Amino acid sequence: MPGSRPSVSTRAVGLAAMIFMPILAPALATSFTGAIVRGIAASAPTAGPSKATGRLPALGWNTWNAYHCNISESQIVAAANQFVSLGLKDAGYEYVNIDDCWAVETRNATTGQIDPDPTKFPNGISGVADQIHALGLKIGIYSDAGTNTCAEYPGSLGHEEVDAATFAGWGIDYLKYDNCNVPSNWTDAPARPIQFDLCIWGQAEVWTWGARVGHSWRMAFDSSPTWSYIISIITTNVNHLNSIGFYSHNDMDMMEIGNGNLTTEEQRTHFAAWVFLKSPILLGTDMSNLSTDQLAIIKNAELLAFHQDGIFGGPAAPFNATANAPVTSPPEYYSGLSSNGMHVFIINTGNSTATKTFSFANIPGLSGGNYTVHDMWTGQDVPGTFSGQYSVSVAAHDTAAYLITQKP
Ligand code: GLA
């Protein structure tokens, strides 16, 4: 059964995670400049994971939020085909990821491998991988740093080498590595570059050392399709923006667009915040039920371009919008650069429509002068030329997204 979350040895988790990655991908050296290291951080490797993958936050889909343990080849191949048919592949979505419950309950006594459940996966995981690769997409899988996964299927502890080799042999491109049932034990060695996501729920200050182990790491416990979750994870992440950059992403958890009763405005904020904080974006719903509005949100080309920018790896960060801007939690005003220039994102955290105002000169890196304001949601410039301050009415829980360009 999914969901049981035993207490976790964070030290063990970190060690298990760190030994697993060197097996999966021979690391290229990266420097670590953090001043204070203790606990897991002190024992995490100094060389980071493979630089052959994971430079940008992942864009894809994952089975868990949509189906939990009720997964099968057909849903996953359907999702991959929907990436193509819905235009999501063209928009940049790439990873089709299998979460927990893909295996049989005991390891193969002869090979020592974890075998896929033959009912759910009649062609094995490699058969799914072939179909996903044939569509020009990538495939992700799930394992766990402990003896068992969170749903009590076999975990990788003590079997890291065989599992890494198995996943690589199947053609896996991405590994989500969960945190359940971890005692303390390990050993290990290398192969195919696999993007490595530590599903460590924000424990052990993972943002301080996660980049030395993997490409992304969960910042908190599991998401829910609620406004309170969205607000709380943005609030958490905003405290750790320095951890975000190329090959290094705070994971705000898988997307809930299409699940629950989020308003359209809340779904826009969900997507925009994951974009401007450079979180992995893994869709988590049955995509055949996505509405036109939802598809428009997740396919927004300008927001995706910010998320996937090849030059600027950092997130947008809060700024003081005006001299007397109210202090909110999380902050409402963010600015950040992409290859296209300076962007401003404004979340209305309040429960009613409100006018939001920022001064151009308060945006770090900008000064006085005349500006054009381009709305990233509509893809249109706001008519006119602006200077001094800019004001906009933002609906409850919505996020405005702009590209701000200084006029010569
Ligand atoms: C944990 C993880 C979830 C999901 C489940 C699967 O709860 O945090 O994202 O992978 O396990 O059992």
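Remember, predicted model here, so these are calculated numbers, not experimental data. Both ligands and their constituent atoms are indexed starting at 1 by order of listing. Counting from 1, the numbers follow the sequence of the chain as shown.
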Option of least heavy-atom distance to atom 12 (O) of ligand 1 (set: D100, T63, L282)
D100
Stepwise ring pair (Phe, Tyr, Trp, His ring centres under 6.0 Å) test for Y402 and Y390
CA-CA 11 Å; Y402 296 118; Y390 182 82; 5.4 Å; yes
Report yes if some heavy atom in the side chain of Y93 is under 4.5 Å from a heavy atom in the side chain of L304; otherwise report no.
yes
Heavy atoms only, cut-off 4.0 Å: how does C199 contact ligand 1, side chain, backbone, both, or neither?
side chain
Using non-hydrogen atoms of the residue, decide whether D99 is closer than 4.0 angstrom to ligand 1.
yes
W201, portion touching ligand 1 at heavy-atom distance under 4.0 Å
side chain
On the 0 to 90° scale, with breaks at 30° and 60°, tag the H215-Y247 ring pair as parallel, tilted or perpendicular.
tilted
Hey, what's the ring geometry for F319 with F358, parallel, tilted or perpendicular (30° and 60° as the breaks)?
perpendicular
Parallel, tilted or perpendicular: rings of F167 and W102 (30°, 60°)
perpendicular
Is K278 positioned over the aromatic face of F306, cation under 6.0 angstrom from the ring centre and no more than 45 degrees off axis?
yes
Within the 4.0 Å heavy-atom shell around M254, which atoms of ligand 1 are there?
9 (O)
Going by distance only, is there an N or O of D253 that falls short of 3.5 Å from an N or O of ligand 1?
no
Mode of N179 contact toward ligand 1 - side chain, backbone, both, neither (heavy atoms, under 4.0 Å):
neither
Applying salt bridge (Lys or Arg N to Asp or Glu O under 4.0 Å), name anything that partners D253, two or more places apart in sequence or on another chain.
R218
Which atoms from ligand 1 have a heavy atom of K176 less than 4.0 Å away?
3 (C), 4 (C), 9 (O), 10 (O)
Ligand-side contact atoms (ligand 1) for residue partner R218, heavy atom cut-off under 4.0 Å:
8 (O), 9 (O)
Heavy-atom contact under 4.0 Å between F221 and ligand 1?
no
Tell me, with the steps shown, if K356 and E332 meet salt bridge (Lys or Arg N to Asp or Glu O under 4.0 Å).
CA-CA 9 Å; K356 302 293 174 187; E332 293 194 316; 2.8 Å; yes
Could you list which atoms of ligand 1 come closer than 4.0 Å to a heavy atom of D222?
1 (C), 2 (C), 3 (C), 7 (O), 8 (O)
